[in-house]
Q: 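For reference, the structure I am asking about is given below.
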Amino acid sequence: MLTDEIIEKIKNSLIKDPRFSDLDFSNLSLSIPRNKDHGDFSTNFAMISSGSLKSKPIDLAEEMLVLLKQSQDSFFHDITVEKPGFINFVISKEIYQGYLADVLLKGVNFGSGPKNNKKVLIEFVSANPTGLLHLGHLRNAAVGDSVARILKFSGYDVVKEYYVNDYGNQVRLLGESLKERVLEKLNLVFNIPEGGYKGDYLIDVAESLLMTKDSESIMKEENSFFSNFAINYLTEEIEKDLKDLDITFDSWYSEKKKIHDSDSVINIKKLIQSVGGLYKKEGAEWIKTSDYGDNDDWVVTKSNESSTYFMNDIAYHHDKFDRGFDKIINVWGADHHSHISRLKASMKLLSNDLTKLDFVLIQFVRLIKDGQDVSMSKRSGTYTTIKDMLNEFNKDLVRFMMVSRSSDSHFDFDLDKCREGSDDNPIFYIQYASARINSILNKDDLNKHDMESANLALLTEEKEIGLIKKILSFPDTVEEASNTMSPHKVAFYLQELAAIFHSYYKNTKVLVEDDELSKARVLLLSSIKIVLINGLNLLGVSSPERM
RNA sequence: GCGCCAGUAGCUCAGCUGGAUAGAGCAAAGCACUUCUAAUGCUUAGGUCGGGGGUUCGAAUCCCUCCUGGCGUACCA
């Protein structure tokens, strides 16, 4: 990466002076100044070193400047010092041009990090299979999948997992509710039980069930038959919806099979017991999470001897650690934030390494239409489903909108402003850039150009250098997005890149009479296209050839 | 009450491991299509970064406190 090379050069220059050789160079960082007069890159290294060296920042910067200039090759076009102690660098155009040639070579891999042999488990969505996916799951799905894509691109070995909550009271209630819907379909008296599932979708499930065999034998079945049918049906629907969003999972982790059909819970309880983390009170069994950083203790075994949801979650997460991942990420809705501290405490109690455990909290999205919140359907009292959303808006738009804001920020999704052709629709803006590039690249006889021989030194316009700089900062953006698990950083980056491109496009003709110049500009455009495709792909958004 | 997230331009939001004159899109006002796609570009205007203290060379960013909004605070899952 360009920034790595710059840092390396600075370090090599400074380290020659015994005065600086003991400095902590891991603090040496670059930033891109807002103000163009401050160069391409800037470092505050002199300022942050002034404490330990007991000198004024500005004096240190001047001393460093001398060293930097001594060993200067043609890499830096200019190095200057500004008060109160910034050192600013202008990189030679040739260096930029050289790096640009590299982008085409790397192609789909441009921006990616080297394989780091670290295994990541990322669990997201994990909606209960007692209903259809709705708006509340959408942001979680989009963010989770994008984080997974970004981590993979950065070099991690990523496993995407969906925890299927196919066990417990709710499953029984689901079966009972379905049975009633079957009765309804048979025009018999029906009554959905207290706390049951009243949504319309179970009518569809009932219809589907009635196709499988005659109603008489269906009604003879036990409740578990209905439960199983509903769970299977709804899980399939969920999988289908996710597929429509271009989201697939590597692992569907069944609570029933993995946790309850095995001795997992019993074993974990023994484990907790063995470190004295379990005690009885008021007929229930409690875990001493308060000894491990949580504010309270929690019930793990109810007085009716069944395990709580929390206990199952402990078993599940302990298993995640057992499976040998280097990083375990949970993408949770913000309404689950209170579970974090108790889960962490219980994992600590079981001697798991908490530094491996990470959370992405997703704040709520509201759907706005005509200035009104329409997240909740007035008619049925249920949330807008993902199916409804995808009926009205394409997948690219929906996914982009869901990752275009920091996930810990509340966010209003205004439907009216996202319609096709709307000016307030950034995804079209980005895709349009890609389409415009294609339309140029598709012109005849460009393929005959031998790109490797393009003379990039001809790219001298300010906007061209600006584009190259932006392209070359893509790997840094990916790295940052990866480190902070923040897809929105990629989304913002792409909008900025598209903006510079559109401006350039308007201002400068690419295919000109001068073949050599055309060739160089075509190469620049090809590089932009690569970045747009790679970046959009990280967000699960396509790059149409034409619009 | 306690906990988590948020409060930045009229609106939706970036910027938050402290950096230089606080940004983008939309909306507003005005321009530019005989041109490789106008789903575009170019101007202009728009701010007590919720309030108040503190930390320091420097605070939207860190600390304290208060205010406002959202969410959570089960022997449900």
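Below, read A as the first sequence line, B as the second, and so on, with proteins coming before strands; counting in each chain starts at 1.
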Q: Return the stems involving RNA chain B, sorted by first number, where pairs are Watson-Crick (N1-N3 with N6-O4 or O6-N4) or G-U wobble (N1-O2 and O6-N3), both under 3.5 Å, and runs are 3 or more long.
A: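 B:1-7 with B:67-73, B:10-13 with B:23-26, B:28-32 with B:40-44, B:50-54 with B:62-66 - these are the stems of 3 or more pairs that involve RNA chain B.
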Q: Identify whether a stacking contact exists between A:F86 and B:A20, where the ring centres must be under 5.5 Å apart and the planes under 30° apart.
A: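 By the stated criterion, A:F86 and B:A20 stack.
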Q: With no hydrogens and no angle check, is any side-chain donor or acceptor of A:S527 less than 3.5 Å from a backbone partner on A:L523?
A: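 Judged by distance alone, yes, a pair lies under 3.5 Å.
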Q: Could you please name the option among B:U21, B:A77, B:A74 that lies closest to any side-chain atom of A:W298?
A: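 The answer is B:A74, which lies nearest to the side chain.
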Q: Checking all strands, does A:H336 fall into the base, sugar-phosphate, or nothing category for heavy-atom contacts under 4.0 angstrom?
A: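 Contact class for A:H336: base.
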Q: Planes under 30° and centres closer than 5.5 Å, is that true for A:H38 with the base of B:A20?
A: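 Taking the rule of under 5.5 Å and under 30°, the ring of A:H38 does stack on B:A20.
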Q: Heavy-atom contacts under 4.0 Å between residues 307-314 of chain A and RNA chain B, which residues?
A: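 RNA chain B contact set from residues 307-314 of chain A: A:T308, A:Y309.
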Q: Is there a donor on the side chain of A:D296 or the base of B:A74 sitting less than 3.5 Å from an acceptor on the other?
A: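 Per atom types, no contact qualifies.
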Q: Apply the side chain to side chain contact (heavy atoms under 4.5 Å, CB included) test between A:M311 and each candidate in A:V265, A:I287, A:V299; give the one that qualifies.
A: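 Between A:M311 and the candidates, side chain to side chain contact (heavy atoms under 4.5 Å, CB included) is satisfied uniquely by A:V265.
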Q: Tell me whether the side-chain N/O atoms of A:K489 come closer than 4.0 Å to OP1 or OP2 in B:G15.
A: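 So the side chain of A:K489 is within the cut-off, an N or O lying under 4.0 Å from OP1 or OP2 of B:G15.
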Q: Can you confirm whether or not the ring centre of A:Y432 sits under 6.0 Å from the ring centre of A:H502?
A: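 A:Y432 vs A:H502: aromatic centres under 6.0 Å.
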Q: Could you work out the separation of B:U48 and B:U43 based on their C1' atoms and round it to a whole Å?
A: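 My reading of the C1' atoms in B:U48 and B:U43 gives 28 Å.
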Q: Figure out the CG/C1' separation between A:D412 and B:C13, and round it to whole Å.
A: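 That distance rounds to 10 Å.
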Q: Is there a donor-acceptor contact under 3.5 Å from the side chain of A:S50 to the main chain of A:P57?
A: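 Not a single qualifying donor-acceptor pair exists.
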Q: So A:Y279 and A:W286, would you call those rings parallel, tilted or perpendicular, with 30° and 60° as cut-offs?
A: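 Ring orientation, 0 to 90° scale: parallel.
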Q: Is the distance from OP1 or OP2 of B:C36 to the nearest side-chain N or O of A:R436 less than 4.0 Å?
A: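 False: A:R436 side-chain N/O out of range (4.0 Å or more) of B:C36 OP1/OP2.
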Q: So, A:R139 side chain and A:R399 main chain: donor-acceptor pair closer than 3.5 Å or not?
A: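 Checked: no pair found.
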Q: Any N or O donor-acceptor pair linking the side chain of A:D335 to the base of B:G72 at under 3.5 Å?
A: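 Absent.
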Q: Starting the side chain at C-beta, find the nucleotide from B:G15, B:G41, B:C36 nearest to A:H502.
A: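 Closest nucleotide among those given: B:G41.
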Q: With no hydrogens and no angle check, is any side-chain donor or acceptor of A:D78 less than 3.5 Å from a backbone partner on A:V90?
A: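 Here the side-chain-to-backbone pair does not exist.
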Q: Compile the donor-acceptor pairs under 3.5 Å between side chains in residues 479-499 of chain A and protein atoms, sequence neighbours left out, one pair per line.
A:
from, atom 1, to, atom 2, distance (Å)
A:E480, OE2, A:K489, NZ, 3.4
A:S482, OG, A:S154, OG, 3.1
A:N483, ND2, A:E479, O, 3.4
A:T484, OG1, A:E480, O, 2.7
A:T484, OG1, A:S486, OG, 2.9
A:S486, OG, A:T484, O, 2.9
A:Y493, OH, A:K470, O, 2.5
A:E496, OE1, A:K470, NZ, 2.6

Q: Report the relative orientation of the aromatic rings in A:H137 and A:H134; use parallel for angles under 30°, tilted for 30 to 60°, perpendicular for over 60°.
A: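 Answer is tilted, since the angle falls between 30° and 60°.
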Q: Scan residues 38-61 of chain A for pairs that pass ring-ring contact (aromatic ring centres under 6.0 Å, His included), counting only residues two or more places apart or in two chains.
A: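 Of all non-adjacent pairs touching residues 38-61 of chain A, those that pass ring-ring contact (aromatic ring centres under 6.0 Å, His included) are A:F25-A:F45.
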Q: Give the nucleotide from the list B:A14, B:A38, B:G19 with an atom nearest to the side chain of A:P84.
A: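 Among B:A14, B:A38, B:G19, the one nearest the side chain of A:P84 is B:G19.
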Q: What integer number of Å spans the C1' atoms of B:C2 and B:G50?
A: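 Rounded to whole Å, the distance is 23 Å.
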Q: Looking only at side-chain N and O atoms, does A:K302 come under 4.0 Å of OP1 or OP2 in B:C76?
A: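 Indeed, a polar side-chain atom of A:K302 lies that close.
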Q: Where each residue is assigned the nucleotide of RNA chain B containing its nearest heavy atom, which of A:E282 and A:F411 is assigned the position nearer the 5′ end?
A: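 Residue closer to the 5' terminus by nearest nucleotide: A:F411.
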Q: Round to the nearest Å and state the distance from A:K36 atom NZ to B:A20 atom C1'.
A: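 In whole Å, B:A20 C1' and A:K36 NZ are 16 Å from each other.
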Q: Between A:H337 and A:F359, does the ring centre distance come in under 6.0 Å?
A: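 Centroid separation for A:H337 and A:F359: 6.0 Å or greater.
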Q: Looking at A:Y432, does any N or O in its side chain come under 4.0 Å of the phosphate oxygens OP1/OP2 on B:G41?
A: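 Answer no for this pair, as no side-chain N or O of A:Y432 is under 4.0 Å from OP1 or OP2.
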Q: Check the distance between B:A74's P and A:I287's CD1 and give it to me in whole angstrom.
A: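 Between P of B:A74 and CD1 of A:I287: 17 Å.
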Q: If you pin A:S50 and A:Q495 to their nearest nucleotides in RNA chain B, which one's is more 5'?
A: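 Nearest-nucleotide comparison on RNA chain B picks A:Q495.
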Q: Would you check if the side chain of A:E464 reaches a backbone N or O of A:E461 as a donor-acceptor pair within less than 3.5 Å?
A: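 Side chain of A:E464 to backbone of A:E461: a pair is present.
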Q: Compare every heavy atom of A:S404 with every heavy atom of A:M401, then report the nearest pair and how far apart it is.
A: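 In terms of heavy atoms, the two residues are closest at O-OG, 2.9 Å.
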Q: Quick one: A:R342 CZ to B:U73 C1', roughly how many Å, whole number?
A: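 Distance check: A:R342 CZ to B:U73 C1' gives 10 Å.
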Q: From CZ of A:F400 over to P of B:C13, roughly how many Å is that when rounded to an integer?
A: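 Atom CZ in A:F400 sits about 15 Å away from atom P in B:C13.
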Q: Expressed as a whole number of angstroms, how long is the span from A:K506:NZ to B:U43:P?
A: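 Whole-Å distance recorded here is 14 Å.
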Q: Sugar-phosphate atoms are those with a prime plus P, OP1 and OP2; base atoms are the rest. Using that split, label each nucleotide of nucleotides 3-11 of chain B B, S or - for protein heavy atoms under 4.0 Å, 5' to 3'.
A: BBBS-----
Q: Please check this pair: side chain of A:D514 against backbone of A:E516, looking for a donor-acceptor N/O pair closer than 3.5 Å.
A: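 Flag set: sc A:D514 to bb A:E516 pair under 3.5 Å.
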Q: With a 4.0 Å cut-off on N to O distance, would you call A:E161 and A:K320 a salt bridge?
A: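 Salt bridge: no.
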Q: For B:C33, does the glycosidic angle fall within 90° of 0 (syn) or outside that (anti)?
A: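 Syn conformation for B:C33.
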Q: Nearest whole Å is fine: how far is B:U73 C1' from A:I340 CD1?
A: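 Distance, rounded to whole Å: 14 Å.
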Q: Does the side chain of A:N165 pick up a donor-acceptor pair with the side chain of A:K256 at under 3.5 Å?
A: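 No, no side-chain donor-acceptor pair sits under 3.5 Å.
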Q: Between atom CG in A:N169 and atom C1' in B:A74, what is the gap in whole Å?
A: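 Going from A:N169 (CG) to B:A74 (C1'), I get 13 Å.
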Q: Strictly below 4.0 Å, heavy-atom distances to any atom of RNA chain B: list the hits from residues 459-470 of chain A, or just say none.
A: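 Contacting residues: none.
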